Structures are given as structure tokens and as C-alpha cells.
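Input: a single structure, listed below in C-alpha cells.
Keep in mind it's a predicted model, so treat the numbers as computed, not measured.
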Amino acid sequence: QVQLVESGGGLVQPGGSLRLSCVASGGTLDYHGLGWFRQAPGKEREGVSCIDSNGRSTYYAESVKGRFTISKDNSKNTLYLQMNSLKPEDTAVYYCAADFLKSAQSMCVGGASGSWGQGTQVTVFS
């Protein structure tokens, strides 16, 4: 399995932006469904956005549609999440995940059983 490391989290005011990155090592992401998940204190982990292995299909949770954009750069073995218009309710630990050949929707809705990163904290505060 590939190893994943997230970065880019931090503190931001409402309306601000952050870009999360997830770098993979120990293998290629070319044939993996990839996704961003988040978990806030006292809440279950939820799928935020996922992208399938060929990059043609994406999935977004309703709460982030129009504000977040997922993308990947196969040449850099990196997954990104551009987060704009951040809200306090976006505060959570964000994790990236990779699952071999999994589709975007099935990954975000059903969860990932492959590799996971250690998470990066995103805090949106007034």
C-alpha cells in the first residue's frame, strides 16, 4: 500500500481559503480512487470529496459543493483539495485516502479500505 502524508492545514478566518496536499510514496496513485475525508470532534468521519483513478469523475458532499475543488497531479503523486469560502463548520481533521480502482462516489459514500494519511487540522474561527 502507498503511504500518504497530508499538509496544508491551519487556522483561517471565515471566508478564507486553504489548499490541502496529500503526497504519496511507496507506490503510484495512478490506479487509485482518491479522497478527502474529515472528522470533527464528536462527529463521525465523512467523505468530503473524492476523485476516481482517471480523474474524470468527482464527488462532493453537499456541504462543500461550489466551495471545494479536488484535483490530482499524477506526475507528482499528489492529491489536492482547494477549500474556499471556509466556514466554522468546516473545522475538522482532514484525511486523505487511496483505494485501488474505487470510484469517486463509492469511496466518499462507502468509505475507503486502502491507505490513509495521518490527518491535518483545519480550524476556521471568527
Side-chain angles (χ1 to χ4, degrees):
Q1 289 186 340
V2 297
Q3 290 79 50
L4 304 174
V5 177
E6 305 96 334
S7 63
L11 301 173
V12 64
Q13 291 186 330
S17 297
L18 286 173
R19 188 175 82 154
L20 305 183
S21 298
C22 173
V23 179
S25 61
T28 177
L29 295 180
D30 287 359
Y31 302 103
H32 288 77
L34 303 170
W36 289 97
F37 296 77
R38 68 186 180 187
Q39 187 165 22
K43 295 187 177 181
E44 292 187 356
R45 186 168 59 194
E46 64 169 335
V48 175
S49 182
C50 296
I51 186 167
D52 66 3
S53 58
N54 61 24
R56 286 198 287 264
S57 178
T58 58
Y59 174 92
Y60 293 92
E62 284 296 325
S63 58
V64 306
K65 278 183 180 178
R67 300 188 298 122
F68 291 9
T69 303
I70 192 171
S71 62
K72 65 175 184 172
D73 186 336
N74 286 343
S75 68
K76 296 181 179 179
N77 238 16
T78 301
L79 175 71
Y80 302 99
L81 184 69
Q82 178 66 43
M83 305 186 296
N84 298 329
S85 302
L86 282 162
K87 304 175 180 180
E89 51 263 43
D90 295 317
T91 295
V93 178
Y94 285 71
Y95 302 88
C96 67
D99 215 341
F100 191 67
L101 293 181
K102 204 155 187 179
S103 71
Q105 182 167 342
S106 64
M107 188 168 182
C108 260
V109 174
S113 57
S115 302
W116 288 84
Q118 82 291 346
T120 185
Q121 176 71 47
V122 172
T123 303
V124 185
F125 70 104
S126 300

- Item | Over 12 foreign heavy atoms within 6.0 Å of CD, Q82 | yes
*Decide whether a cation-pi geometry holds between R19 and Y80; the criteria are a distance under 6.0 Å from NZ or CZ to the six-membered ring centre and an angle within 45° of the ring axis.*
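The answer is yes, since R19 meets both limits relative to Y80.
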**Request:** For side chain to side chain contact (heavy atoms under 4.5 Å, CB included), just list the numbers for Y60 and T69, CA-CA rounded to whole Å, side-chain angles, deciding distance to a tenth of an Å, and then say yes or no.
**Result:** CA-CA 8 Å; Y60 293 92; T69 303; 3.9 Å; yes
### Stepwise side chain to side chain contact (heavy atoms under 4.5 Å, CB included) test for L29 and K76
CA-CA 10 Å; L29 295 180; K76 296 181 179 179; over 6 Å; no
From [atom1] ([X]) to [atom2] ([Y]), nearest 0.5 Å:
{"X": "L81", "Y": "K72", "atom1": "CG", "atom2": "NZ", "result": "15.0 Å"}
{"X": "C22", "Y": "W116", "atom1": "SG", "atom2": "CH2", "result": "10.5 Å"}
{"X": "L79", "Y": "N74", "atom1": "CG", "atom2": "CG", "result": "10.0 Å"}
{"X": "M107", "Y": "S49", "atom1": "CE", "atom2": "OG", "result": "10.5 Å"}
{"X": "F68", "Y": "S17", "atom1": "CZ", "atom2": "OG", "result": "9.5 Å"}
{"X": "M83", "Y": "L20", "atom1": "CE", "atom2": "CG", "result": "4.0 Å"}

message: One pair to check against side chain to side chain contact (heavy atoms under 4.5 Å, CB included): T123 and V12. What are the steps and the verdict?
response: CA-CA 6 Å; T123 303; V12 64; over 6 Å; no
Which pairs pass salt bridge (charged side-chain N to carboxylate O under 4.0 Å, His left out) with one or both residues in residues 94-121, sequence neighbours excluded?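 Every salt bridge (charged side-chain N to carboxylate O under 4.0 Å, His left out) pair that includes a residue of residues 94-121, provided the two are not neighbours, is D99-K102.
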Check: [X] side chain, [Y] main-chain N or O, donor-acceptor pair, under 3.5 Å:
{"X": "E6", "Y": "Q118", "answer": "yes"}
{"X": "S53", "Y": "H32", "answer": "no"}
{"X": "Q39", "Y": "K43", "answer": "yes"}

field: Evaluation steps, side-chain hydrogen bond (donor to acceptor under 3.5 Å, both in side chains), between E89 and T91
entry: CA-CA 5 Å; E89 51 263 43; T91 295; over 6 Å; no
